[in-house]
Structure formats: structure tokens, C-alpha cells
Amino acid sequence: MATSASSFTIASSFSEPRTRIRSSKRSNLPLQYKTGSWSKSRRFGLVVSSVSAPNVELRTGPDDLISSLLSKVANSDGGVTLSPEQHKEVAQVAGELQKYCVSEPVKCPLIFGDWDVVYCSVPTSPGGGYRSVIGRLFFRTKEMIQGIDSPDIVRNKVSFTALGFLEGDVSLTGKLKVLDSEWVQVIFDPPELKVGSLEFKYGFESEVKLRITYIDEKLRLGLGSRGSLFVFRRRQ
């Protein structure tokens with residue numbers, strides 16, 4: 001995945017109840033009623049001072065936020081096809097979700113396992129040049145995966161189709177080091193490239209730092225040292 005850049009509203013509708021007041025006798029006494037921000041006055045046989053709609057407090061929990069976040073990044077090629085405004089919406093939901101993060105997420109055993117990288121705010125971060133504007137002309141991304149094995153091994157892989165017919169992938173293997181209760185550092189070996197029958201290593205070691213801002217059984221959020229936001233979904 002990337003090297004230095006971290007190689008990894010609610011709308012509610014309310015319908016106002018309609019109350020019919022019938023009287024067998026008509027009189028000149030006014031009936032006043034008020035609902036929400038509007039009021040009317042008519043002459044019936046009763047006087048009603050006001051009828052106010054109750055205040056309703058809407059609460060959004062982590063499950064709702066997770067569903068919203070995944071729906072916003074779905075079918076976006078890891079964030080490539082999203083507009084700047086859509087990226088802001090993703091960041092806003094992620095910011096709300098991190099309020100539900102466990103304390104000391106780096107110690108949470110849920111970090112281990114295989115994860116799909118479903119979004120990055122800087123789409124070229126996972127996969128590097130293979131995910132750049134020019135790179136995507138030749139390499140069509142199939143999937144991006146990060147695996148974390150106990151106690152400290154990280155595996156990143158981007159699978160692609162090259163030139164429309166060659167299957168391949170680029171992978172990184174690194175060692176994870178805990179920096180504090182939220183931050184980790186990974187030092188990766190040189191990347192390994194496979195295209196068709198060809199397989200070779202190239203380049204140099206790389207290092208990334210990532211802050212875990214949310215973790216549960218199915219979703220993990222990460223924030224790179226340069227501000228890149230990552231959304232990881234546990235593989236089925």
C-alpha cells in the first residue's frame with residue numbers, strides 16, 4: 001500500500017396529527033390552536049389555548065453511523081469516485097463514530113484478522129503508484145486487503161488486472177510496533193510484485209504510522225500521520 005502517506009443527514013419526517021373538534025352548538029367563542037410554528041383561529045364552541053408538538057430528541061448510535069459510513073463509500077473504488085463534498089461527509093461520520101471507540105484500541109484483540117480497505121481519503125495511499133491517475137489507466141484494482149496477524153505482523157496487498165488481461169498483485173509485509181494507546185508504527189519490507197508468471201521484489205523499506213480511531217467486530221478506522229482517513233471492513 002502507500003509508503004509515507006500512511007500505506008493504509010439524518011432526515012426525519014413528522015406528520016402533525018389532525019384533531020377534529022365537533023360541537024352541537026355554534027357560538028361566537030374563538031377556537032385557537034397552534035401546532036409547531038403555525039397557528040390559526042376559528043370560531044367554534046370551545047376555546048383551546050394551544051396544542052404543541054412534543055420535542056423529539058434523535059439519537060444516533062454506532063450501528064447507524066457504521067451503516068451510513070459504509071453506504072457513503074460503497075462502490076467508490078476506495079474513494080476514487082467521490083466528490084470533495086462526499087469526502088467531507090465521510091469524514092464527518094467517521095468523526096462521530098470515533099466517539100464510540102474503546103479505550104486503548106491498540107490493545108483490542110479485534111484488530112487481528114483480514115480487512116478490506118474500502119476507503120481512503122487520499123485514494124493513492126493504498127497501492128501507491130498503481131492507484132494514481134496514470135496507474136489506474138493500466139491497472140484496474142480488484143481488491144485491497146490488510147491482514148494483521150498476532151502478535152505483530154502486517155500484510156498489505158492490492159490485487160489488480162493489468163492491461164485488461166494480466167492478473168497480478170503488489171504486496172507488503174511489515175512488523176507492527178505499538179507507540180501509545182492509539183498509535184502504531186509499521187516498518188515494511190520492500191514490496192513484492194506479481195504479474196502473470198513474473199514475481200520479484202523492488203524498491204526499499206518503508207515506514208508508516210497509523211492512529212486507530214475506532215474498532216469493533218466489523219469495522220476499523222485509521223488516521224495516518226499525514227491526515228489520511230482509512231476505512232477497513234472485516235472480510236467475511
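All values below come from the heavy atoms of this structure, side chains included, with hydrogens, waters and symmetry mates left out. Note that this is a predicted model, so its numbers are computed, not measured.
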- Stepwise side-chain contact (heavy atoms from CB on, under 4.5 Å) test for I187 and K175: CA-CA 6 Å; I187 299 178; K175 191 173 182 63; 5.6 Å; no
- side-chain contact (heavy atoms from CB on, under 4.5 Å) assessment of D149 paired with V154: CA-CA 6 Å; D149 301 329; V154 178; over 6 Å; no
- Is there a side-chain contact (heavy atoms from CB on, under 4.5 Å) between K157 and V170 once you walk through the steps? CA-CA 6 Å; K157 184 171 74 171; V170 59; over 6 Å; no
- Begin with the C-alpha distance, continue with both residues' side-chain angles, and end with the deciding distance and a verdict on side-chain contact (heavy atoms from CB on, under 4.5 Å) for L179 and K209. CA-CA 9 Å; L179 300 179; K209 293 180 180 180; 4.1 Å; yes
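Judged by distance alone, with hydrogens and angles left aside, the side-chain atoms of Q86 form a donor-acceptor pair with the main-chain N or O of S83 at under 3.5 Å. R235 places no side-chain N or O within 3.5 Å of a backbone atom of D116 that could act as its donor or acceptor partner. Of the possible donor and acceptor atoms, one in the side chain of H87 sits under 3.5 Å from a partner among the backbone N and O of G79. Listed for the S132 side chain is a donor-acceptor partner under 3.5 Å among the backbone atoms of G135. The main-chain N or O of G224 is never found under 3.5 Å from a side-chain atom of S228 such that the two would form a donor-acceptor pair. Side chain of S121 to backbone of L229: a donor-acceptor contact under 3.5 angstrom is found. A donor-acceptor pair under 3.5 Å is formed between the side chain of R234 and the backbone N or O of L110. Between the side chain of D77 and the main chain of V80, no donor-acceptor pair closer than 3.5 Å is present.
When every heavy atom of K72 is checked against every heavy atom of L82, the shortest pair comes out as O-CD2, 3.7 Å. The minimum heavy-atom distance between D216 and Y214, with the atom names listed, is OD2-OH, 2.8 Å. Residues L172 and D189 share a closest heavy-atom pair of CD2-O, 3.5 Å. Nearest approach of T213 to G222, heavy atoms of both residues: OG1-N, 4.2 Å. Shown here for G61 and Y100, the closest heavy-atom pair between the two residues is CA-OH, 3.9 Å. Heavy-atom minimum distance, P126 versus M144: CB-SD, 3.7 Å.
The shortest side-chain heavy-atom distance between P105 and K107 does not fall under the 4.5 Å cut-off. Residues Y130 and L193 form a side-chain contact, since some pair of their non-hydrogen atoms from C-beta on lies under 4.5 Å apart. Between I153 and L176, every side-chain heavy-atom pair lies at or beyond the 4.5 Å cut-off. Proximity of V208 to S225: side-chain heavy atoms (C-beta onward) are nowhere separated by under 4.5 Å. Looking at heavy atoms from C-beta onward, L69 lies out of side-chain contact with Y119 at the 4.5 angstrom threshold. Side chains of L221 and V231 form a contact here, defined as non-hydrogen atoms less than 4.5 Å apart. For the pair T81/S76, a side-chain contact is recorded, criterion being any heavy-atom separation below 4.5 Å from C-beta on. Looking only at side-chain heavy atoms (C-beta outward), V117 and I145 stay at 4.5 Å or farther from each other.
Annotation for N75: atom CG does not count as buried by contact number, only 12 or fewer foreign heavy atoms lying within 6.0 Å. The number of heavy-atom neighbours closer than 6.0 Å to OH of Y202, taken from other residues, nucleotides and ligands shown, is above 12. For CD1 of I134, the number of neighbouring non-hydrogen atoms (other residues, nucleotides, ligands) closer than 6.0 Å is 12 at most.
Residues V158 and F200 fall within the same hydrophobic cluster, defined by Ile, Leu, Val, Met, Phe, Trp and Tyr side chains chained together at heavy-atom separations under 4.5 Å. Clustering ILVMFWY residues whenever any of their side-chain heavy atoms sit less than 4.5 angstrom apart, transitively, puts W183 in a cluster other than the one holding I215. Cluster membership for F138 and F165, using ILVMFWY side-chain heavy atoms within less than 4.5 angstrom, is shared.
Judged by distance alone, the side chains of R131 and T141 do bring a donor and an acceptor atom under 3.5 Å apart.
In this structure, D152 does not pair ionically with K177, as no charged nitrogen and carboxylate oxygen lie closer than 4.0 Å. K194 and E167 are not joined by a salt bridge, as no carboxylate oxygen comes within less than 4.0 angstrom of a charged side-chain nitrogen.
The CG atom of L210 sits 7.5 Å away from atom CG of L223, with the distance rounded to the nearest 0.5 Å. Within the model, atoms CZ of F112 and OG of S150 stand 4.0 Å from one another, a figure rounded to the nearest 0.5 Å. Here CZ of R233 is found 13.5 Å from CG of D114. Values are rounded to the nearest 0.5 Å. The line from CG of L65 to CD of Q92 is 10.0 Å long, rounded to the nearest 0.5 Å. Atom CD of E182 is separated from atom CD1 of I212 by 9.0 Å, given to the nearest 0.5 angstrom. The distance from the NZ atom of K218 to the CG atom of D63 is 5.5 Å, given to the nearest 0.5 Å.
Both the sub-6.0 Å distance and the 45° axial angle are satisfied by R220 relative to the ring of W115. Annotation: cation-pi pair R140/F160 absent, no NZ/CZ under 6.0 Å from the ring centroid and within 45° of its normal.
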